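Everything numeric here is computed off the predicted structure, so don't read it as measured data. Each chain gets a letter, A, B and so on, in the order its sequence line appears, and its residues count up from 1.
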There are 2 protein chains.
Amino acid sequence: MKERTSTPSTQDYLKHIYELTQNGRPASTNDLARELDIKPASVTGKIQKLAKDKPALVEYQKHQGVSLTPSGKKAALEVIRHHRLLETWLVQTLGYSWDEVHAEAERLEHVISEDLERRIAAALGNPTRDPHGELIPTDGLKMPNEDTTPLSALRPNQNATIRRVSAQDENLLRHLNDLGLVPGVRLEITDFSPFDNNLTIKCGTQYFVLGSNITTKIFVEVVNSSRR
Amino acid sequence: MKERTSTPSTQDYLKHIYELTQNGRPASTNDLARELDIKPASVTGKIQKLAKDKPALVEYQKHQGVSLTPSGKKAALEVIRHHRLLETWLVQTLGYSWDEVHAEAERLEHVISEDLERRIAAALGNPTRDPHGELIPTDGLKMPNEDTTPLSALRPNQNATIRRVSAQDENLLRHLNDLGLVPGVRLEITDFSPFDNNLTIKCGTQYFVLGSNITTKIFVEVVNSSRR
DNA sequence: CCGATAATTTAGTCTTACCTAAATTATTAT
DNA sequence: ATAATAATTTAGGTAAGACTAAATTATCGG
């Protein structure tokens, strides 16, 4: 999160707790504060309030971190659905490129109605992924399953298809777009350097050497071939 | 304005001052408070701040009411442009009817970027009027001129074309839509009752008797015919 | 196990913007 | 003109939600 013009909303809290919590463990005050670009002490205050609201949106124990209750998770998925539908809409109907849409969607996601959400979804044909390949929670607020691995986990001779790119940095996204490393694209690992964890991949007729700053953000579906 | 969920933004203040000020006189604290659905005392406080900000967005003297400075007017026209473009977009691309769009646009108008504004305008072919016939301020934030009269000012034998309907009430708008009293439609005054100010109009093959609650909200362009 | 360091929480302050009630100013009718 | 009424402003209170600094609790290497 870059810089803050106003105070983070409850929805912002929930969204970031959802993301930070994807690893299975509760989110720390510090990490949340970094994401929201406010001070850890302020997070503690807000979290304590969210935890004792009724219905409680988060579960919280001192020094143990925060996680979402079922209603908190619903609210988080709602915002994420908004965000991803909006990004898809901006790209498909107004000619935005995938690196330009994040900030705009970030502001719109909080104010669109359920009615508008559904109309946008319908107009787009109820898409299941946004322009980055991220899954869009369903109307019923279920997050679809997905079986992907970070590109960084692959080794020479493995083949894979890019499913999603989890990044918001505009420059990085533009760069990947220029290289053609976008969802749907097929690639093969041709080399791995244990020293710096660089991967060399072959993509169409081109070869790229990618550092872990990139390979940890590209998630692929492994194609079980050339395994005999 | 119906009910308030959050605190009115500066943009809300400016937009309503703009509207209330269209009659040439400054807006009163009371009227503003009613529009914003907060108490007059709260308006005074906020107004005093806006007046001494730099650059000042409003001009203000105790007990004399508020008006917009040039920069305040620019900011107001910006929001109004957003609002009207959004309403047009909702109607034209997502199948909303003109009575459904107000509340949604009211929330979106504050968060869209100039970039998105221009893309929406371009995608719609840079429209000059919104679905209610209201003029959309230009990209350069000039409000186009218009020469219309309220329907209530017409008298029998006059002919006119509906240009805009200045109302947000959903029921009223739906009603007018059902009757076919929408921008572009031609009508003729056939009767006037000085007692209750009701007008009878002929519109196509139908006759309607309209009270002043309606006739003051429909603005028309008078056709100089049948005047001999 | 224990001290050093890092992470987190508490306590207290500040700002914003609402509210109500009281005081003031303006307007209107007699 | 003046009393009654309406409109507006002031004063003081409250609630959020940020901040800093100090206190507390956890974690980790030796």
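In this structure, of D:dT8, D:dT9, D:dG17, it is D:dT8 that holds the atom nearest to the side chain of B:S28. Nearest nucleotide to the side chain of B:K39, out of C:dC19, D:dT20, D:dT10: C:dC19. Among D:dA7, C:dC19, C:dA17, the nucleotide with an atom closest to any side-chain atom of B:K49 is C:dA17. Across C:dT25, C:dT8, D:dA18, the shortest atom-to-atom separation from the side chain of B:H63 is found for C:dT25. Nearest to the side-chain atoms of A:A41 among the listed nucleotides C:dA17, C:dT9, C:dC19 stands C:dT9. Distances were taken from every side-chain heavy atom of B:P8 (C-beta onward) to each of D:dA18, D:dT9, C:dC18; the shortest belongs to C:dC18. For A:Q48, counting side-chain heavy atoms from C-beta on, the closest listed nucleotide (C:dT10, D:dT10, C:dC18) is C:dT10. Distance from the side chain of A:P40 is smallest for C:dT9 among the nucleotides C:dT9, C:dC18, D:dA18.
Between B:T7 and C:dC18, a side-chain N or O to OP1/OP2 separation shorter than 4.0 Å is present. Taking only side-chain nitrogens and oxygens, A:Y13 comes nearer than 4.0 Å to OP1 or OP2 of D:dA18. Distances shown here put every side-chain N or O of B:T44 at or beyond 4.0 Å from the OP1 or OP2 atom of D:dT10. Dashed line: the shortest gap from a side-chain N or O of A:Y60 to OP1 or OP2 of C:dT9 is under 4.0 Å.
One interatomic measurement links the two molecules: NZ of B:K52 to C1' of C:dT16, which rounds to 12 Å at whole-angstrom precision. As rounded to whole Å, 13 Å separates atom P of D:dC19 from atom NZ of A:K46. Rounded to a whole Å, the CG atom of B:L32 is 15 Å from the P atom of C:dA17. One atom, CG of A:N30, and another, P of C:dA6, lie 12 Å apart when rounded to the nearest Å. Rounded to whole Å, the distance from CG on B:L36 to P on D:dT8 is 14 Å. Counting to the nearest Å, the P atom of C:dC18 and the CG atom of B:D12 are 10 Å from each other. Rounded to a whole Å, the CZ atom of A:R4 is 20 Å from the P atom of C:dT15.
The residues A:E146 and A:R129 are annotated as salt-bridged, a charged nitrogen and a carboxylate oxygen being separated by less than 4.0 angstrom. Of the charged side-chain nitrogens involved, at least one lies within less than 4.0 Å of a carboxylate oxygen, so that A:E100 and B:R119 count as a salt-bridged pair. Using a 4.0 Å cut-off between charged side-chain N and carboxylate O, A:D53 and A:K49 make no salt bridge.
Using a 30° and 60° split on the angle between ring planes, A:W89 and B:W89 fall in the tilted class, from 30° to 60°.
Toward the 5' end of DNA chain D, the nearer of the two residues B:Q61 and A:K62, judged by each one's closest nucleotide, is B:Q61. Both B:I38 and A:G65 sit near DNA chain C, but only A:G65 has its closest nucleotide nearer the 5' end. If you find the closest nucleotide of DNA chain D to A:V43 and to A:Q64, the one lying nearer the 5' end belongs to A:V43.
If you check every strand for non-hydrogen atoms under 4.0 Å, B:S42 touches a base.
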Exercise for review: Kindly determine whether A:V165 and A:L176 satisfy side-chain contact (heavy atoms from CB on, under 4.5 Å), including the steps that lead there.
Suggested key: CA-CA 9 Å; A:V165 176; A:L176 290 176; 3.8 Å; yes
Review point. What do the steps show when you test A:D139 against A:L141 for side-chain contact (heavy atoms from CB on, under 4.5 Å), and what is the final call?
Key: CA-CA 5 Å; A:D139 195 10; A:L141 300 182; over 6 Å; no
